[in-house]
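As the structure is a prediction and not an experimental result, all values here were calculated from the model.
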Amino acid sequence: MIFDNSDDDGASAGTLRTAFDGDARVRIVGGNRNLGFAAGVNEAIALLRDEGWKGRVLLVNNDAVVEAGALGALGRALDNHPDVAMVYPRIFQGGKFQSLVRYHPATGRLSQGSLQGGMPYASGCCLLLAVAEVKADLFDETFFMYGEDVELSARLRREGRRVMQVLDAVVVHEGSGGSGFNTLFYETHTVAAHVILAWRLAETPARLVLHVSGRLVFLPLRAMLRAMRYRSWIPLRGLVDGVRIGRAALRARAKTPADHAPR
């Protein structure tokens with residue numbers, strides 16, 4: 001199943017349907033508007049569930065290629081570890097293998113390898129879900145794009161479910177293939193994700209104060225460094241727009257029962 005999240009009045013979906021015309025193995029859905037990554041995945045899973053699908057589900061981004069043998073290795077890992085909620089492969093990106101990526105809840109900093117207080121998470125570019133996790137509210141739809149995989153990994157761990165990397169499985173990932181680096185879309189929604197994660201990863205009011213304080217320092221510093229690196233005002237505009245969008249998304253989501261904010 002290809003879920004098309006292109007905001008182009010169905011043009012991309014139409015091209016895909018033409019390309020795969022007559023191929024019963026491929027199904028194209030969506031294509032009317034961009035729901036965001038989390039909502040798009042949730043809707044695709046809901047369609048599968050409505051049609052009676054009761055097996056595992058592999059999620060793969062449009063800019064990721066699963067290498068030969070990877071799916072088998074991921075499946076065997078779930079077979080051998082019934083307590084694992086989802087598994088993910090090693091990621092080859094930018095000409096090298098990424099080491100384990102950690103997210104620092106207090107600042108929003110990403111780091112490969114060891115980071116004091118950092119939380120390892122499964123990248124959403126490629127995930128194999130155990131049967132119990134194939135549900136229509138898998139991802140928190142407060143996130144439009146970016147950050148939903150960090151929140152999901154944290155939530156599963158709070159529930160006592162394991163998330164495991166499978167070293168025998170490899171996926172080649174372009175990285176931001178749908179949005180591009182240093183675009184206003186990328187900068188805005190990355191900042192919005194950091195704002196939302198401040199709330200989502202805070203288990204107590206004191207933690208929330210720490211997370212918000214950290215972002216008051218980290219996010220402006222990040223924007224200034226990226227503005228100098230790319231010689232562009234886009235990161236600074238993305239900072240302003242991202243904070244606004246993140247706060248608005250949290251306010252809107254707080255009115256629904258799906259809110260995970262600290263009480």
Can we say Glu148 and Arg155 salt-bridge, meaning some charged N sits less than 4.0 Å from an Asp/Glu carboxylate O? no

With side chain to side chain contact (heavy atoms under 4.5 Å, CB included) as the test, would you mind laying out the steps for Tyr88 and Leu74 before giving the verdict? CA-CA 7 Å; Tyr88 63 106; Leu74 293 170; 5.6 Å; no

With hydrophobic residues grouped by side-chain heavy-atom distances under 4.5 Å, do Leu208 and Leu219 end up in a single group? yes

Got Gln165 and Arg90 here, is their nearest side-chain heavy-atom distance under 4.5 Å? yes

Are Glu133 and Leu156 close enough, and set up right, to give a side chain to side chain contact (heavy atoms under 4.5 Å, CB included), and what steps lead you there? CA-CA 10 Å; Glu133 307 310 322; Leu156 290 173; 3.5 Å; yes

dist Asn42:CG -> Leu47:CG (nearest 0.5 Å) comes out at 11.0 Å

Main chain of Asp63, side chain of Asn61: is a donor-acceptor contact present, judged purely on distance under 3.5 Å? no

Indicate, with yes or no, if Leu250 and Leu239 share a hydrophobic cluster defined by side-chain heavy-atom contacts under 4.5 Å among Ile, Leu, Val, Met, Phe, Trp and Tyr. yes

Would you give the length of the straight line joining atom CG of Asp4 to atom CG of Leu16, rounded to the nearest 0.5 angstrom? 5.5 Å

Start with the C-alpha distance between Leu48 and Val134, add both sets of side-chain angles, then the distance that settles side chain to side chain contact (heavy atoms under 4.5 Å, CB included), and finish with yes or no. CA-CA 9 Å; Leu48 290 174; Val134 181; 5.7 Å; no

Quick one: closest heavy-atom pair of Gly246 and Ala192, and the distance? N-CB, 3.9 Å

Interatomic distance, Arg226 atom CZ to Ile234 atom CD1 [nearest 0.5 angstrom]: 10.5 Å

In this structure, CZ of Arg162 is separated from NE2 of His81 (nearest 0.5 Å) by 6.0 Å

Would a distance-only check, ignoring hydrogens and angles, find a side-chain to backbone donor-acceptor pair under 3.5 Å from Asn5 to Leu35? yes

Cluster question for you: counting only ILVMFWY and a side-chain heavy-atom cut-off of under 4.5 Å, with indirect links fine, are Leu127 and Met164 together? no

So which atom in His173 and which in Cys125 form the shortest heavy-atom distance, rounded to 0.1 Å? NE2-CB, 3.6 Å

If you measure from the Lys or Arg side-chain nitrogens to the Asp or Glu carboxylate oxygens, is any gap between Arg76 and Asp79 under 4.0 Å? no

Give me the atom names and distance for the closest heavy-atom approach of Ile28 to Ala13. CG2-O, 4.1 Å

Decide whether Leu221 and Leu216 are clustered together by the hydrophobic rule: side chain heavy atoms of Ile, Leu, Val, Met, Phe, Trp, Tyr closer than 4.5 Å, transitively. no

With a 6.0 Å cut-off (strictly less than), is the heavy-atom count around CG of Asp8, excluding the residue itself, greater than 12? yes

Does any non-hydrogen side-chain atom of Val57 lie less than 4.5 Å from one of Leu138? no

Does Arg27 reach the main-chain N or O of Met1 with its side chain, forming a donor-acceptor pair under 3.5 Å? no

Lys/Arg N to Asp/Glu carboxylate O, Asp140 vs Arg253, below 4.0 Å: yes

Are any non-hydrogen side-chain atoms of Leu197 and Phe143 less than 4.5 angstrom apart? yes

Would you find a donor on one side and an acceptor on the other, under 3.5 Å apart, between the side chain of Arg244 and the backbone of Val240? no

Specify the closest pair of heavy atoms between Phe144 and His189, including all atoms of both residues, with the distance to one decimal. CD2-CE1, 3.5 Å

How far does CE of Met86 sit from CG of Asp149, to the nearest 0.5 angstrom? 8.0 Å

Determine whether a donor-acceptor pair (N or O, by modelled atom type, separation under 3.5 Å) exists between the side chain of Arg207 and the backbone of Leu201. no

Once rounded to the nearest 0.5 Å, what's the spacing between atom CZ of Phe3 and atom CD1 of Ile45? 11.0 Å

May I ask you to test the Glu43-Val29 pair for a side-chain heavy-atom distance under 4.5 Å? no

Of all the heavy-atom pairs spanning Pro89 and Cys126, show the shortest one and how long it is. CD-O, 3.4 Å

After noting the C-alpha distance and the side-chain angles of His194 and Tyr103, does the key distance pass the ring pair (Phe, Tyr, Trp, His ring centres under 6.0 Å) rule? CA-CA 10 Å; His194 284 305; Tyr103 185 86; 5.7 Å; yes

Do the non-hydrogen side-chain atoms of Arg215 and Arg222 ever get within less than 4.5 Å of each other? no

Nearest heavy-atom pair of Ala77 and Val166: which atoms, and what distance? CB-CG2, 3.5 Å

Full working for side chain to side chain contact (heavy atoms under 4.5 Å, CB included) between Tyr121 and Leu110: CA-CA 10 Å; Tyr121 71 96; Leu110 287 174; 3.7 Å; yes

Taking the side chain as C-beta and beyond, is there a heavy-atom pair between Val150 and Met119 under 4.5 Å? yes

Check whether any side-chain heavy atom of Ile245 lies under 4.5 Å from a side-chain heavy atom of Val195, and answer yes or no. no

Check: Ala122 main-chain N/O paired with Ser153 side-chain donor or acceptor under 3.5 Å: yes

Is there a path from Val170 to Val87 through hydrophobic residues (I, L, V, M, F, W, Y) whose side chains come within less than 4.5 Å of each other? no

Would you mind reporting whether Pro120 and Arg157 have side-chain heavy atoms less than 4.5 Å apart? yes

Measure up the Tyr146 and Phe185 rings against each other and bin them: parallel (under 30°), tilted (30 to 60°), perpendicular (over 60°). perpendicular

Should we say atom CZ of Arg237 is surrounded by more than 12 heavy atoms from elsewhere, each under 6.0 Å from it? no

Does the Arg56 side chain pair with the main chain of Gly75, one donor and one acceptor, at a distance under 3.5 Å? yes

